[in-house]
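For reference, the structure discussed in these notes is given below.
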Amino acid sequence: MPPSHASTSDSRPAGPSGGVQSLERAFDLLERMADAGGEVGLSELSASSGLPLPTIHRLMRTLVVCGYVRQQPNRRYALGPRLIRLGESSARLLGTWARPYLQRLVEETGETANMALLDGDEIVYVAQVPSKHSMRMFTEVGRRVLPHSTGVGKALLAHTPADEVRALLARTGMPAATEKTITTPDGFLDALEQVRRAGYAVDDNEQEIGVRCLAVQVPDSPTSAAISISGPAGRVTETATERIVPILQQIAKELSEALASSGGSAG
């Protein structure tokens, strides 16, 4: 969204966008709050948005009344609980929009395709299309796992600052799902460096013995998302990886473009 500019009118259309300025400003403030970790003060919002304090106070008061923002005892403002309902519904729809692309992944790779989001400190799977093989992987939609033992987790955290990754790992711990799970922060940060170099992430028997997963982030997704394929290690070999990764990257790019160009009406 373009930077906001101060004005005496909160309800007139905001120029070329054709939108209502007060709505654009309110959503801009919510996104700035999210970028700041979910809790901010009015002066911080004024400094980052360029809006005068009275305008911000008026908008925040409306968001508080609607339940999308709450005022903390320390007078700072935090994202409110009603956003959870919107987020959950949006996540489900994102999975629905992604299904045609996951179906293509299955057709072109032969393996089960998944889509996952980073929700707080956890990975949540929001969509899956199963492989047609009799021996195939299955992950229940809605399942939550810790990022350190998954390919999608590595893909989603690859470009997160190291101190933030360490803080997340300190909160979640790094339990071993298998004997191959990475269980140290330094080891995980090394793995993220490999993801950045290679352009894709691998779960090599780290979540479940006998299973390999290849994952890439969906670039410029409205929320941090990754797609992956998973299958038996005997099929998802190094040779297969060379063939599958370009397909993953291309479909992730196409999904990203569809979400950006049509507001989510991908197909």
Side chain to side chain contact (heavy atoms under 4.5 Å, CB included) between Arg166 and Leu189, worked out:
CA-CA 8 Å; Arg166 287 185 185 277; Leu189 288 170; 3.3 Å; yes
Could you tell me which non-hydrogen atom of [X] sits nearest to which non-hydrogen atom of [Y], and how far apart they are?
X	Y	answer
Gln249	Gly199	NE2-O, 3.2 Å
Asn205	Gly210	OD1-N, 2.6 Å
Thr172	Pro175	O-CD, 4.3 Å
Ser131	Gly110	OG-O, 2.7 Å
Cys213	Ser228	SG-CB, 3.6 Å
Ile182	Ala191	CD1-CB, 3.7 Å

Go through the steps to decide whether Leu255 and Trp97 satisfy the test side chain to side chain contact (heavy atoms under 4.5 Å, CB included), and finish with yes or no.
CA-CA 9 Å; Leu255 174 55; Trp97 296 327; 5.6 Å; no
Are [X] and [Y] joined in one hydrophobic group, where the rule is that I, L, V, M, F, W and Y side chains link up if heavy atoms are under 4.5 Å apart?
X	Y	result
Val216	Val129	yes
Met33	Val64	yes
Val152	Leu169	yes
Val236	Ile209	no
Leu146	Val124	no

Mind checking the [atom1]-[atom2] spacing from [X] to [Y]? Nearest 0.5 Å is all I need.
X	Y	atom1	atom2	result
Asp204	Thr181	CG	OG1	11.0 Å
Lys132	Thr112	NZ	OG1	10.0 Å
Met174	Leu168	CE	CG	9.5 Å
Leu117	Ile123	CG	CD1	8.5 Å
Gln217	Leu157	CD	CG	9.0 Å
Lys180	Ser149	NZ	OG	13.5 Å

Residue of the set Ile244, Ile247, Asp203 for which side chain to side chain contact (heavy atoms under 4.5 Å, CB included) holds with Leu214
Ile244
Flag side-chain contact, heavy atom, 4.5 Å: [X] against [Y]:
X	Y	result
Thr62	Tyr68	no
Leu156	Pro147	no
Arg243	Thr239	no
Arg61	Tyr77	no

Do any side-chain atoms of residues 102-109 form donor-acceptor pairs under 3.5 angstrom with protein atoms, and if so which ones, sequence neighbours left out?
residue, atom, partner, partner atom, Å
Arg104, NH1, Glu254, OE1, 2.5
Arg104, NH2, Glu254, OE1, 3.4
Thr109, OG1, Leu105, O, 2.6
Thr109, OG1, Glu111, N, 3.2

Has the side chain of [X] got a donor or acceptor atom that lies under 3.5 Å from a matching backbone atom of [Y]?
X	Y	result
Arg99	Gln128	yes
Ser48	Leu45	yes
Thr178	Glu208	no
Thr183	Ala176	no
Arg196	Ala158	yes

Going by salt bridge (Lys or Arg N to Asp or Glu O under 4.0 Å), name the residues that satisfy it together with Glu164, two or more places apart in sequence or in a different chain.
none
Going by atom types only, do Gln207 and Thr150 share a side-chain donor-acceptor pair under 3.5 Å?
no
Exactly one of His148, Arg212, Lys154 clears side chain to side chain donor-acceptor pair (under 3.5 Å) with Glu206, and that residue is Lys154
Is it the case that over 12 heavy atoms from other parts of the model lie below 6.0 angstrom from the CG atom of Asp220?
no
Given side chain to side chain contact (heavy atoms under 4.5 Å, CB included), test Arg75 with Gln71 step by step and report yes or no.
CA-CA 6 Å; Arg75 308 297 294 171; Gln71 190 168 23; 3.5 Å; yes
Who are the side-chain hydrogen bond (donor to acceptor under 3.5 Å, both in side chains) partners of Gln72, not counting sequence neighbours?
Glu39
Report the C-alpha distance between Val165 and Phe188 in whole Å, list the side-chain angles of each, state the deciding distance to 0.1 Å, and finish with yes or no for side chain to side chain contact (heavy atoms under 4.5 Å, CB included).
CA-CA 9 Å; Val165 173; Phe188 189 66; 3.8 Å; yes
Would Arg32 and Glu44 pass as an ion pair if we require N to O under 4.0 Å?
no
